[in-house]
Amino acid sequence: MKKQRIAAVVLTAALSAAPLSIQAVSGPVPGMDKAIPSVTAYAASKPSAFKLASAVKKAYGEDYLPNYKLDKDEIKSKYGVDASWYSSAYAQVPMISQQVDEMVIFKAKNTASKKKILSAVKKYQKDLKESTMTYPMNVLKIQGSKVYATGNYVCFFMLGGSVDKSIEESGSEEAVIKAHQKLNQKAVNAVKKQLK
């Protein structure tokens with residue numbers, strides 16, 4: 001009886017200490033190449049908005065037209081996105097008002113921030129589409145703009161310059177919008193490639 005009581009005490013002590021010893025392990029676990037990263041470390045390891053923007057620019061080459069980088073105050077004014085919502089952001093627009101090509105990429109701080117950013121960017125796109133102050137030559141390009149969200153990222157793309165002349169001359173607005181959507185898909189594909 002005494003031996004059983006001692007064994008129970010030892011077993012209880014061992015079990016109560018187990019969670020502490022597991023929590024204390026921060027190095028490699030035997031049988032695994034690397035320690036499991038924390039959620040914070042995993043999020044931090046993902047590319048910044050700048051890195052994604054660089055990949056998009058490379059994908060378009062000479063067809064990438066935005067040439068003015070916005071600061072955080074200009075980003076808030078234009079898109080309605082507060083700097084406290086993202087860990088990084090990259091936005092470029094054209095310096096000439098007749099052009100509308102632009103790109104903005106946000107890396108949200110968390111899920112709640114991502115929802116706020118996505119809502120603001122969708123509102124921005126909606127306002128653009130409904131604006132009566134748009135140059136006629138840009139109306140269909142705006143209709144073909146793309147909002148893309150994945151993981152902690154929210155992007156707005158209106159890129160690629162002009163569509164093929166034969167499509168423009170076809171007289172089909174739907175065909176022109178689809179052509180612009182296809183041009184913006186190139187940016188989406190560049191982002192997806194970086195996040196693989």
A.B. asks: Could you pull out the closest heavy-atom pair between Gly161 and His180, with the gap in Å?
C.D. replies: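 Gly161 and His180 have their closest heavy atoms at O-CE1, 3.8 Å.
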
A.B. asks: Closest heavy-atom contact between Lys146 and Gln185?
C.D. replies: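 So the minimum-distance heavy-atom pair works out to CE-OE1, 4.4 Å.
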
A.B. asks: Grouping I, L, V, M, F, W and Y whenever their side-chain heavy atoms are under 4.5 Å apart, do Val93 and Ile142 come out in a common cluster?
C.D. replies: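 Cluster IDs for Val93 and Ile142 match.
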
A.B. asks: Report the distance from atom NZ of Lys126 to atom OG of Ser131, rounding to the nearest 0.5 Å.
C.D. replies: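 The NZ atom of Lys126 sits 12.5 Å away from the OG atom of Ser131.
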
A.B. asks: To the nearest 0.5 angstrom, please state how far the CD atom of Gln92 sits from the CE atom of Met103.
C.D. replies: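 It is 5.5 Å, given to the nearest 0.5 Å.
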
A.B. asks: Ser145 side chain to Phe157 main-chain N or O, any donor-acceptor pair under 3.5 Å?
C.D. replies: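 Judged by distance alone, no pair lies under 3.5 Å.
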
A.B. asks: Does this structure show an ion pair linking Lys141 with Asp101, if we count only N-O contacts that are shorter than 4.0 Å?
C.D. replies: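 Result for this pair is yes, salt bridge flagged.
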
A.B. asks: Give a yes or no on this: more than 12 heavy atoms of other residues, nucleotides or ligands lie within 6.0 Å of atom NZ of Lys51.
C.D. replies: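 Counting other residues, nucleotides and ligands, NZ of Lys51 stays at 12 neighbours or fewer.
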
A.B. asks: Taking the side chain from Asn152 and the backbone from Ala108, do they hold a donor-acceptor pair closer than 3.5 Å?
C.D. replies: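 Answer holds: yes.
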
A.B. asks: What residues form a ring pair (Phe, Tyr, Trp, His ring centres under 6.0 Å) with Tyr64, not counting sequence neighbours?
C.D. replies: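 Partners of Tyr64 by the ring pair (Phe, Tyr, Trp, His ring centres under 6.0 Å) criterion come out as none, since no residue qualifies.
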
A.B. asks: Can you tell me which residue pairs pass the ring pair (Phe, Tyr, Trp, His ring centres under 6.0 Å) test with a partner in residues 113-142, sequence neighbours excluded?
C.D. replies: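 Sorted pair list: Tyr79-Tyr124, Tyr124-Phe156.
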
A.B. asks: May I ask you to test the Leu159-Leu183 pair for a side-chain heavy-atom distance under 4.5 Å?
C.D. replies: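 No, too far: nothing below the 4.5 Å cut-off.
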
A.B. asks: Does the side chain of Tyr90 pick up a donor-acceptor pair with the side chain of Lys57 at under 3.5 Å?
C.D. replies: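 Their side chains do contain a donor-acceptor pair, which is all the 3.5 Å distance test asks for.
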
A.B. asks: Of the non-hydrogen atoms in Ile96 and Gln98, which two are nearest, and what is the gap between them?
C.D. replies: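 For Ile96 and Gln98, the tightest heavy-atom pair comes out as CG2-OE1, 2.8 Å.
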
A.B. asks: Locate the shortest heavy-atom distance separating Ser172 from Ala175; write the atom from each residue and the value.
C.D. replies: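 For Ser172 and Ala175, the tightest heavy-atom pair comes out as OG-N, 3.1 Å.
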
A.B. asks: Taking the side chain as C-beta and beyond, is there a heavy-atom pair between Lys78 and Leu70 under 4.5 Å?
C.D. replies: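 A side-chain contact under 4.5 Å exists here.
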
A.B. asks: Taking the side chain from Gln194 and the backbone from Val191, do they hold a donor-acceptor pair closer than 3.5 Å?
C.D. replies: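 Judged by distance alone, no pair lies under 3.5 Å.
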
A.B. asks: Checking Lys109 against Tyr86: charged group under 6.0 Å from the ring centre and within 45 degrees of the axis?
C.D. replies: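 Lys109 over Tyr86 ring: no.
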
A.B. asks: Tell me, with the steps shown, if Asn184 and Tyr148 meet side-chain contact (heavy atoms from CB on, under 4.5 Å).
C.D. replies: CA-CA 10 Å; Asn184 288 314; Tyr148 175 64; over 6 Å; no

A.B. asks: Can you check whether Gly151's main-chain N or O pairs, donor with acceptor, with Lys114's side chain at less than 3.5 Å?
C.D. replies: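 Here the side-chain-to-backbone pair exists.
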
A.B. asks: Search all heavy atoms of Leu128 against all heavy atoms of Thr134 and return the closest pair with its distance.
C.D. replies: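 So the two residues come closest at O-OG1, 4.1 Å.
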
A.B. asks: Can any side-chain N or O of Asn110 pair as donor or acceptor with the backbone N or O of Ser113 at less than 3.5 Å?
C.D. replies: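 Yes, the answer is positive, given that a donor and an acceptor are paired below the 3.5 Å cut-off.
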
A.B. asks: Which heavy atom of Lys46 sits nearest to which heavy atom of Lys107, and what is that distance?
C.D. replies: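 For Lys46 and Lys107, the tightest heavy-atom pair comes out as O-NZ, 2.9 Å.
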
A.B. asks: Check for me, please, whether Val100 and Ile75 land in the same ILVMFWY cluster - side-chain distances under 4.5 Å, paths through other members count.
C.D. replies: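 Yes, Val100 and Ile75 fall within the same hydrophobic cluster.
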
A.B. asks: Are Tyr68 and Val104 connected into the same hydrophobic cluster when the rule is that any two of I, L, V, M, F, W, Y join if their side-chain heavy atoms are below 4.5 Å apart?
C.D. replies: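 Yes, because Val104 and Tyr68 connect within a single hydrophobic cluster, where side-chain heavy atoms sit under 4.5 Å apart.
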
A.B. asks: State whether the number of non-hydrogen atoms from other residues, nucleotides or ligands found under 6.0 Å of Glu173 atom CD is greater than 12.
C.D. replies: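 Incorrect, the count does not exceed 12.
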
A.B. asks: Given 3.5 Å as the limit, does a donor-acceptor pair link the side chain of Tyr60 with the main chain of Ala187, or not?
C.D. replies: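 Pair found, side chain donor or acceptor close to backbone of Ala187.
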
A.B. asks: Identify whether Met137 and Leu140 are in the same connected component of the hydrophobic contact network (ILVMFWY, side-chain heavy atoms under 4.5 Å).
C.D. replies: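 Different clusters.
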
A.B. asks: Drop me the distance from Lys186's NZ to Gln181's CD, to the nearest 0.5 angstrom.
C.D. replies: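 The NZ atom of Lys186 sits 15.5 Å away from the CD atom of Gln181.
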
A.B. asks: Tell me whether Tyr153 is reachable from Val56 by hopping between hydrophobic residues (I, L, V, M, F, W, Y) whose side-chain heavy atoms are closer than 4.5 Å.
C.D. replies: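 Yes, Val56 connects to Tyr153 through the hydrophobic network.
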
A.B. asks: Around atom NZ of Lys178, are there more than 12 heavy atoms of other residues, nucleotides or ligands at under 6.0 Å?
C.D. replies: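 No, the 6.0 Å shell around NZ holds no more than 12 heavy atoms from other groups.
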
A.B. asks: How about CD on Glu174, more than 12 heavy atoms from neighbouring residues, nucleotides or ligands closer than 6.0 Å, or not?
C.D. replies: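 Check fails, neighbour count at 12 or below.
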
A.B. asks: If we ignore hydrogens and angles and just use 3.5 Å, is the side chain of Lys129 paired with the main-chain N or O of Gly144 as donor and acceptor?
C.D. replies: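 Not a single qualifying donor-acceptor pair exists.
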
A.B. asks: Go through Val121 and Leu118 one step at a time and tell me if the side-chain contact (heavy atoms from CB on, under 4.5 Å) criterion holds.
C.D. replies: CA-CA 5 Å; Val121 171; Leu118 184 57; 5.5 Å; no

